[in-house]
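Structure first, then comments.
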2 protein chains.
Amino acid sequence: MTDTQVAEIATSRRREATRQRLLDAAAEVFAEVGLDAASVEAICERAGFTRGAFYSNFATKDELFLELAGRVSRERVAVVTERVAELARDGVEITAQSALEMVQLVLGETGDDRLGILLMSEIRNHALRDPALAAAHLAQDDELRRSVAQIIADIGDAGGLSLRVPPEEAAGLMLTVWESATVRATMAGLDHEQVRGLTNAQLAGVAQLLIEPR
Amino acid sequence: MTDTQVAEIATSRRREATRQRLLDAAAEVFAEVGLDAASVEAICERAGFTRGAFYSNFATKDELFLELAGRVSRERVAVVTERVAELARDGVEITAQSALEMVQLVLGETGDDRLGILLMSEIRNHALRDPALAAAHLAQDDELRRSVAQIIADIGDAGGLSLRVPPEEAAGLMLTVWESATVRATMAGLDHEQVRGLTNAQLAGVAQLLIEPR
DNA sequence: GTCTATAGACAGATAGAC
DNA sequence: GTCTATCTGTCTATAGAC
C-alpha cells in the first residue's frame with residue numbers, strides 16, 4: 001500500500017465522520033423546525049462546522065435530506081428485522097394470549113423517540129410532493145411491512161392461533177395503527193413513556209381484532 | 001340605515017370576499033409547495049391581489065395558515081356530520097353485508113381530493129411542533145371520530161349486527177386506515193379514482209374485521 | 001512539504017412586513 | 001415599491017492531517 005493510499009483512507013475516514021456529524025445535526029434541526037425552515041447555516045452550527053464543510057460534502061440541502069431520509073428508513077427496518085432474527089434464534093414460544101406478545105415484538109424497544117417521529121412526518125410530508133422520495137419511502141415501507149409480516153406469521157405458527165387476514169395485511173394494519181398512535185400521542189404533548197403506553201394499548205386492541213376467535 | 005352604514009356593510013362584504021379568495025389561493029399554494037416554501041407573494045399572485053391586500057387582512061402568514069387549518073378541519077367534520085343527518089333523515093336500511101355500506105357512508109363522496117390530502121398532511125406536520133395547532137387539530141379529529149362513531153352505531157343497530165369493539169374505537173380505526181390509505185395511494189401517484197378505489201378496498205377489509213362473525 | 005478538508009468572506013436572490 | 005433580514009451556493013486562503 002502506497003503512502004498516498006494510506007493518506008486517502010485516513011482523509012476519507014475523517015470525511016466520513018464529518019458527513020455523519022452533519023447528518024446527525026441535520027436530523028435534529030429538521031425535526032425541530034422542518035426541512036424548509038432549517039437553514040444550512042443552522043445545521044452547520046449544530047454540527048460544529050461552517051458552511052464550507054457542508055458544501056464540500058453535499059451538493060445541496062436536498063441531497064443531504066435524501067440521504068438522511070434513507071438512513072432513517074433503513075434504521076427503522078433494521079430494528080425490526082433484528083427482532084425477526086432474534087425470534088428465529090431463540091425459538092418462538094408463545095401462548096394463547098399472544099396478542100400482546102405480538103405487539104411487544106413489533107415495536108419492542110422501537111419506542112421511537114420524538115426526533116424519529118418528527119423526522120418521519122417530515123419525510124412523509126415531502127414525499128407527497130416528490131415522486132422520487134415517494135418511491136423510496138414506499139419501498140422501504142413495504143420492506144418494513146414484510147418484516148413485520150414475517151414476525152406475525154412466525155408467532156401464528158408457533159402459538160397455534162389463526163389470523164383472520166393474511167400476515168401481510170395484519171402487518172400493514174398494525175403499522176398503520178402504530179404510526180397513527182405515536183403521532184397522536186406525540187401531538188398531545190405526552191412524554192416518551194406515555195406515548196409508548198398509549199401506542200401499546202392501541203396495538204393490543206387491533207391485535208385482538210386480528211386473532212380468530214375460537 | 002345611513003349611507004355610511006350601507007357603505008360599511010358593502011366594504012366588509014368586499015373585505016370578506018378578499019379574505020376568502022386569499023384563503024383559497026393559500027390553500028392551493030400551501031398544498032403545492034408547503035407552508036414554508038409558499039411565499040406571500042405567490043399567494044397574492046394566485047389570488048389576484050398585491051401584498052398590500054394581504055397585510056390588510058392578515059397580520060402574518062402564520063395567522064392565515066391557522067385560520068385555513070381551522071377551515072379545512074371544520075369542512076371535513078361538516079361533510080361527515082351531514083352524512084349522519086342524512087342517515088337519520090332517510091332512516092337506515094342496511095342488510096347483512098353492511099360492511100361496504102359502512103365504508104361508503106364514512107367516506108361517501110368525501111373522496112378527498114389531492115389538495116385536501118396535501119393540506120391535511122401539511123397541517124399535521126406543523127401541528128407536531130405547534131402545541132396550539134396540535135390542540136385544535138386533535139379536538140377536531142375527535143369531533144370527526146364521534147360523528148363517524150354515530151354513523152357506525154346507527155348502522156349496527158339497524159342492521160342487527162354486532163361489533164367486536166365499541167363504535168368509538170371502530171370509528172378511530174376506520175379513520176386511521178382511511179387516512180393512511182389515501183396518503184399512500186396519493187404518494188404512489190395514483191389518480192383520484194384509483195385513490196378512492198384502493199381506500200375503499202382497505203376500509204372494506206377493516207370493516208370485516210370489526211364485525212362480529214356469526 | 002504536500003494535499004485537501006475546512007473556514008469564512010462574498011454576491012446574488014428573495015423573503016416578509018409595512 | 002421599499003427596506004431589512006436572511007439564505008443559498010461560490011470562491012479563495014489556510015490549517016492541519018499525513
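Nothing here was measured: the structure is a model prediction, and the numbers come from that model. All chains are named by letter (A, B, ...) in the order of the sequence lines, taking the proteins before the strands, and each is independently numbered beginning at 1.
Residue contacts for B:Ala38: at a heavy-atom cut-off of 4.0 Å it reaches the sugar-phosphate backbone alone, with no base atom in range. Residue A:Ser56 is classed as a base contact, given a heavy-atom separation below 4.0 Å to a base. Within 4.0 Å (heavy atoms only), A:Phe49 reaches sugar-phosphate atoms of the nucleic acid but no base atom. Among the protein residues, A:Thr50 comes within range of the nucleic acid bases, having at least one heavy atom under 4.0 Å from a base atom. Among the heavy atoms of the strands, none lies under 4.0 Å from B:Ala37.
For the pair B:Asp62 CG and C:dG16 C1', the computed distance is 11 Å after rounding to whole Å. Going from atom CD of A:Glu63 over to atom C1' of D:dG9 covers 13 Å, rounded to whole Å. A straight line from CG of A:Asp36 to C1' of D:dT6 spans 15 Å, rounded to a whole angstrom. Taking atom CZ of residue A:Arg51 and atom P of nucleotide D:dC11, one finds them 14 Å apart after rounding to whole Å. Protein atom OH of A:Tyr55 is 17 Å distant from nucleotide atom P of C:dG8, rounded to whole Å. The separation between B:Ile43 atom CD1 and C:dA15 atom P is 11 Å, rounded to whole Å. For the pair B:Glu41 CD and D:dT2 P, the interatomic distance rounds to 14 Å; values are reported in whole Å. Whole-Å rounding puts the A:Phe58 CZ to C:dA5 C1' distance at 14 Å.
In terms of position on DNA chain D, the residue among A:Val40 and A:Gly52 whose nearest nucleotide sits closer to the 5' end is A:Val40.
Between B:Glu41 and B:Arg51, at least one side-chain N (NZ, or NE/NH1/NH2) sits under 4.0 Å from a carboxylate O, which counts as a salt bridge. Under a 4.0 Å N-O distance rule, the pair B:Arg145/B:Asp142 qualifies as a salt bridge. A:Glu168 has no carboxylate O lying under 4.0 Å from a charged side-chain N of A:Arg146, or vice versa, which leaves the two without a salt bridge.
Residue A:Arg14 places no side-chain N or O under 4.0 Å from the OP1 or OP2 atom of C:dA5. Taking side-chain N and O atoms only, A:Thr60 has no distance below 4.0 Å to OP1 or OP2 of D:dG9.
Aromatic pair B:Phe30/B:Phe65: ring centres closer than 6.0 Å.
Each of A:Leu190, A:Leu198, A:Ile117 was evaluated against A:Thr182; a single residue qualifies, A:Ile117, per the side-chain contact (heavy atoms from CB on, under 4.5 Å) test.
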